[in-house]
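Step one of this worksheet: look at the structure below.
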There are 4 protein chains.
Amino acid sequence: MEAQREGKFERILEAAINAFAELGYYQCPVSKIASLAGVAEGTIYLYFKNKEEVLIQIFQERMGAFITSMRHDLSLCETTSARLRVIVQAHFSYMEQNRSLAIVSQLELRQSNPRIRLAINGPLLEYFQLIEGVIQQGINLEEVPKIDLRIARQMIFGSLDEATTDWVMARNPRTLVSGIEPMLELFEGALRLNKPNDIRRGADEQKREEDGNADS
Amino acid sequence: MEAQREGKFERILEAAINAFAELGYYQCPVSKIASLAGVAEGTIYLYFKNKEEVLIQIFQERMGAFITSMRHDLSLCETTSARLRVIVQAHFSYMEQNRSLAIVSQLELRQSNPRIRLAINGPLLEYFQLIEGVIQQGINLEEVPKIDLRIARQMIFGSLDEATTDWVMARNPRTLVSGIEPMLELFEGALRLNKPNDIRRGADEQKREEDGNADS
Amino acid sequence: MEAQREGKFERILEAAINAFAELGYYQCPVSKIASLAGVAEGTIYLYFKNKEEVLIQIFQERMGAFITSMRHDLSLCETTSARLRVIVQAHFSYMEQNRSLAIVSQLELRQSNPRIRLAINGPLLEYFQLIEGVIQQGINLEEVPKIDLRIARQMIFGSLDEATTDWVMARNPRTLVSGIEPMLELFEGALRLNKPNDIRRGADEQKREEDGNADS
Amino acid sequence: MEAQREGKFERILEAAINAFAELGYYQCPVSKIASLAGVAEGTIYLYFKNKEEVLIQIFQERMGAFITSMRHDLSLCETTSARLRVIVQAHFSYMEQNRSLAIVSQLELRQSNPRIRLAINGPLLEYFQLIEGVIQQGINLEEVPKIDLRIARQMIFGSLDEATTDWVMARNPRTLVSGIEPMLELFEGALRLNKPNDIRRGADEQKREEDGNADS
DNA sequence: AATGAATGAGCCTTCATTCAT
DNA sequence: GATGAATGAAGGCTCATTCAT
């Protein structure tokens with residue numbers, strides 16, 4: 001019974017993600033979520049206080065899990081370069097595998113509605129701190145010059161976010177993950193991350209670099 | 001009389017920007033726009049087909065002008081570095097001076113409503129092409145290595161966009177323009193823009209470079 | 001146009017009185033009021049803040065007028081007996097001529113809903129004070145012994161109210177006004193109004209007095 | 001088991017009285033009754049056909065017992081005066097000791113909902129007959145002049161009812177029972193019950209009094 | 001052109017009632 | 001008998017849009 005409850009909560013959440021992605025939060029009637037989830041309209045209100053709460057839960061449930069998983073992956077890295085790779089790869093892979101969620105995240109969650117904003121800011125701030133932590137670590141390790149953490153974070157998150165939006169908007173998009181390498185190149189340039197390797201680099205430098213990054 | 005027509009159109013547009021920024025597009029009744037503009041509700045429908053059209057016009061009118069002006073500024077530049085500076089500076093200055101418009105752009109325009117998306121894509125694409133053009137030019141001039149234009153543009157636009165969103169969301173934000181220099185640093189690094197100077201540079205090149213950028 | 005507005009307000013009020021009387025406040029959908037008034041559902045919300053407000057306005061508009069009129073009639077009386085007659089006669093006549101309003105007043109206005117109660121208490125208190133004023137005057141004129149004002153008012157209002165409720169509930173009711181004289185007898189007895197005069201009275205005094213009041 | 005059934009029925013009834021008194025019948029969800037009674041929502045439907053039935057049962061159970069008890073007390077009285085005292089005292093004491101029930105009786109039972117009205121009328125009519133019986137007895141015993149039974153009953157019940165409503169509505173009410181004596185005074189006056197005067201009364205006194213009432 | 005009263009479709013939410021466990 | 005999750009009908013209210021003036 002508990003399992004069934006859990007299952008219904010998840011089904012409604014999943015249905016809402018797809019419904020919001022298709023119609024947009026404000027244009028999506030609760031009845032649409034209900035029919036997608038295969039439950040009665042009133043049932044939704046047994047699991048969520050109101051429609052707004054459904055949107056908030058989407059973000060907290062899914063983004064929370066995403067960030068937790070990313071934090072774990074980051075803890076296994078030893079260089080800033082590897083950490084950046086984790087971020088880019090995780091971001092793109094996750095969004096690509098959760099297209100509807102990506103749509104909702106990119107578009108619908110940018111609401112000026114204060115209550116929604118507030119609820120979203122939690123997980124988002126965590127993500128921001130994760131990114132800023134990686135940069136700060138890079139600075140501490142002297143892999144990265146002293147730069148403005150906030151601006152650097154804005155660049156990294158903004159770039160990933162924009163790439164995702166582009167992909168979401170495009171009718172026949174290239175895969176998101178195909179952008180991982182070029183995006184990493186840009187980030188490493190922006191953070192002046194190449195220098196340490198320059199000295200050692202020979203003709204095959206680029207190849208080795210990619211090998212090294214491949215298993216991250 | 002034509003001027004008056006023009007005036008009323010403008011007044012409604014301005015009112016709508018502020019109203020949408022304050023309440024959000026879907027939560028903003030047409031009556032709110034009307035009262036802010038000092039016209040009757042029905043009058044709005046003399047100048048705009050419907051509410052959706054008002055939102056679309058906001059983007060086309062204001063972003064159009066913004067892009068036209070930026071294109072002109074870009075034509076006066078001779079180096080990629082200078083062009084990047086124009087983009088960052090124009091973007092941040094414009095948004096900072098048009099906070100309500102920035103809010104609408106950052107938040108409200110990110111709707112999945114297909115008709116709205118389509119109408120917005122026009123001006124946005126133009127902006128994208130502008131940015132990609134600058135990068136392409138850099139590549140042509142051999143100031144920038146061959147990189148994926150789309151990804152680079154996503155980085156540049158995404159970074160600017162995210163910085164703006166941050167600023168819009170913040171209660172007591174730093175000025176946007178204070179981010180111009182650090183953001184340019186990042187972009188130049190990402191695009192490997194330092195190289196052209198290398199030949200002329202001595203040992204302390206990097207220091208001077210940073211000094212030079214600092215007071216701009 | 002103003003007149004039309006006024007007219008529509010009245011039409012909705014009248015429709016609501018009948019609709020509430022027929023179905024009861026809580027069982028009466030706003031759509032029922034609308035159709036009775038011959039307006040669209042939304043129109044009601046141009047004239048009333050919400051459904052509750054319609055009920056409140058019924059009481060304030062109609063009871064207010066009723067009390068004002070009664071106060072005027074009372075000012076023309078010179079004896080307590082005459083004043084009691086005005087009260088009973090006005091109450092019964094008014095209710096009889098406004099059956100639906102009477103139903104709403106007797107039944108629907110007895111709501112424990114605090115907001116409604118509060119709004120109703122205004123006019124009701126005024127009515128109570130009117131009655132208590134009449135009794136107090138009788139005491140001052142030594143027509144009535146010193147008695148508890150509140151209890152006496154409860155008796156008078158309660159009796160009138162209950163008679164009205166009875167009439168409202170009955171399928172084939174006697175006329176309300178047929179109860180005027182016997183009710184007055186009871187009130188006069190309760191307030192010991194006959195005795196003091198007996199001594200001073202001439203033979204035909206009582207007859208004349210009643211003749212005088214009869215056509216009021 | 002029968003006792004348990006009985007117990008649960010009573011618990012639900014008691015819970016409903018308090019719930020209805022607090023929230024009002026229509027604003028009170030069945031779930032509120034259930035939680036107050038400490039049973040599941042569905043359980044209520046094992047003991048009552050529906051929500052309406054709960055309200056009806058409240059009146060029939062409680063008012064039935066009240067009337068039965070009053071009838072017994074009345075049978076012990078020998079004078080009309082004593083009987084009136086029983087009525088007033090029983091009514092006020094009972095309501096005072098059952099405040100929630102009083103609230104429900106005064107306010108919530110005055111619904112125009114026809115089914116509810118019908119069911120309530122049973123016990124109420126019994127009460128009315130009790131009162132009218134007392135008056136008739138008084139007339140038979142020549143303690144009371146010939147008066148309209150219905151009107152007299154309306155006065156007595158209406159007065160008690162209104163006093164109770166007043167008490168229920170008041171924030172810091174005087175006790176109800178403090179009104180017993182003054183109310184009795186009024187009733188005795190209304191019914192010309194003044195024993196003390198019997199001795200002094202002349203032969204024609206009663207006749208004149210009735211003449212006065214005759215034309216009503 | 002300008003108005004703003006009127007419209008009515010549509011949506012969120014509640015809650016009495018049912019029924020599988 | 002008892003439960004309480006699930007249902008879905010129903011209703012108050014909003015608001016984009018129209019149109020008579």
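In what follows, chains carry the letters A, B, and so on, assigned in the order in which the sequence lines appear, proteins first and then strands, with residues in each chain numbered from 1. Computed from heavy atoms alone, side chains included, the values below leave out hydrogens, waters and symmetry copies. These numbers come from a predicted model, not from an experiment.
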Listed by chain and number, what are the side-chain hydrogen bond (donor to acceptor under 3.5 Å, both in side chains) partners of D/N121, not counting sequence neighbours?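 Here the qualifying residues are D/R117.
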
Who passes side-chain hydrogen bond (donor to acceptor under 3.5 Å, both in side chains) against A/R62, sequence neighbours left out?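 A/R62 satisfies side-chain hydrogen bond (donor to acceptor under 3.5 Å, both in side chains) with A/E10, A/E14 only.
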
Using a cut-off of strictly less than 4.0 Å, decide whether [X] has a side-chain nitrogen or oxygen near OP1 or OP2 of [N].
{"X": "D/K8", "N": "F/dA2", "value": "yes"}
{"X": "A/Y47", "N": "F/dA6", "value": "yes"}
{"X": "A/Y45", "N": "E/dC15", "value": "no"}

Length of the [atom1]-[atom2] vector between [X] and [N], whole Å:
{"X": "A/K32", "N": "E/dC12", "atom1": "NZ", "atom2": "P", "answer": "13 Å"}
{"X": "D/Y25", "N": "E/dC15", "atom1": "OH", "atom2": "C1'", "answer": "12 Å"}
{"X": "A/L46", "N": "F/dG8", "atom1": "CG", "atom2": "P", "answer": "13 Å"}
{"X": "B/Q27", "N": "E/dC12", "atom1": "CD", "atom2": "C1'", "answer": "14 Å"}
{"X": "A/L23", "N": "E/dC12", "atom1": "CG", "atom2": "C1'", "answer": "16 Å"}
{"X": "D/I12", "N": "F/dG1", "atom1": "CD1", "atom2": "P", "answer": "11 Å"}

DNA chain E contacts among residues 33-42 of chain C, heavy-atom distance under 4.0 Å: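 Only C/V39, C/A40, C/G42 qualify.
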
Quick one, C/V54 with C/V30, criterion side chain to side chain contact (heavy atoms under 4.5 Å, CB included). Give me CA distance, side-chain angles, the key distance, then yes/no. CA-CA 10 Å; C/V54 178; C/V30 173; over 6 Å; no

Which atoms form the tightest heavy-atom contact between C/N113 and C/R115, and what is the distance?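 Heavy atoms of C/N113 and C/R115 come nearest at OD1-N, 3.0 Å.
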
At what distance, to the nearest 0.5 angstrom, does NZ of D/K8 lie from CG of D/L13?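 Here the rounded value is 15.0 Å.
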
Proximity to DNA chain F (any heavy atom under 4.0 Å), residues of residues 49-59 of chain B only: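 Correct list: B/N50, B/K51.
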
Contact nearer the 5' end of DNA chain E, comparing A/P29 with B/T43: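 The answer here is B/T43.
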
Please check if any side-chain donor atom of B/Q106 sits under 3.5 Å from a side-chain acceptor atom of B/T164, or the reverse.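 No, no side-chain donor-acceptor pair sits under 3.5 Å.
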
Looking only at atom types and distance, does a side-chain atom of [X] sit under 3.5 Å from a main-chain N or O of [Y], one as donor and one as acceptor?
{"X": "A/Q60", "Y": "A/A119", "answer": "yes"}
{"X": "D/N98", "Y": "D/L101", "answer": "no"}
{"X": "B/K51", "Y": "B/P29", "answer": "no"}

What about A/Y25 and B/Y26, are their ring centers closer than 6.0 Å?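 So the answer is no for these two rings.
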
To the nearest 10°, let me know how far the axis at one end of the helix from E/dA2-F/dT21 to E/dT21-F/dA2 is tilted from the axis at the other, five pairs an end.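 Taking five pairs per end, the axes differ by 10°.
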
Side-chain donor/acceptor pairs under 3.5 Å, residues 33-46 of chain C, sequence neighbours excluded:
residue: C/S35; atom: OG; partner: C/K32; partner atom: O; Å: 3.1
residue: C/T43; atom: OG1; partner: C/A40; partner atom: O; Å: 3.4

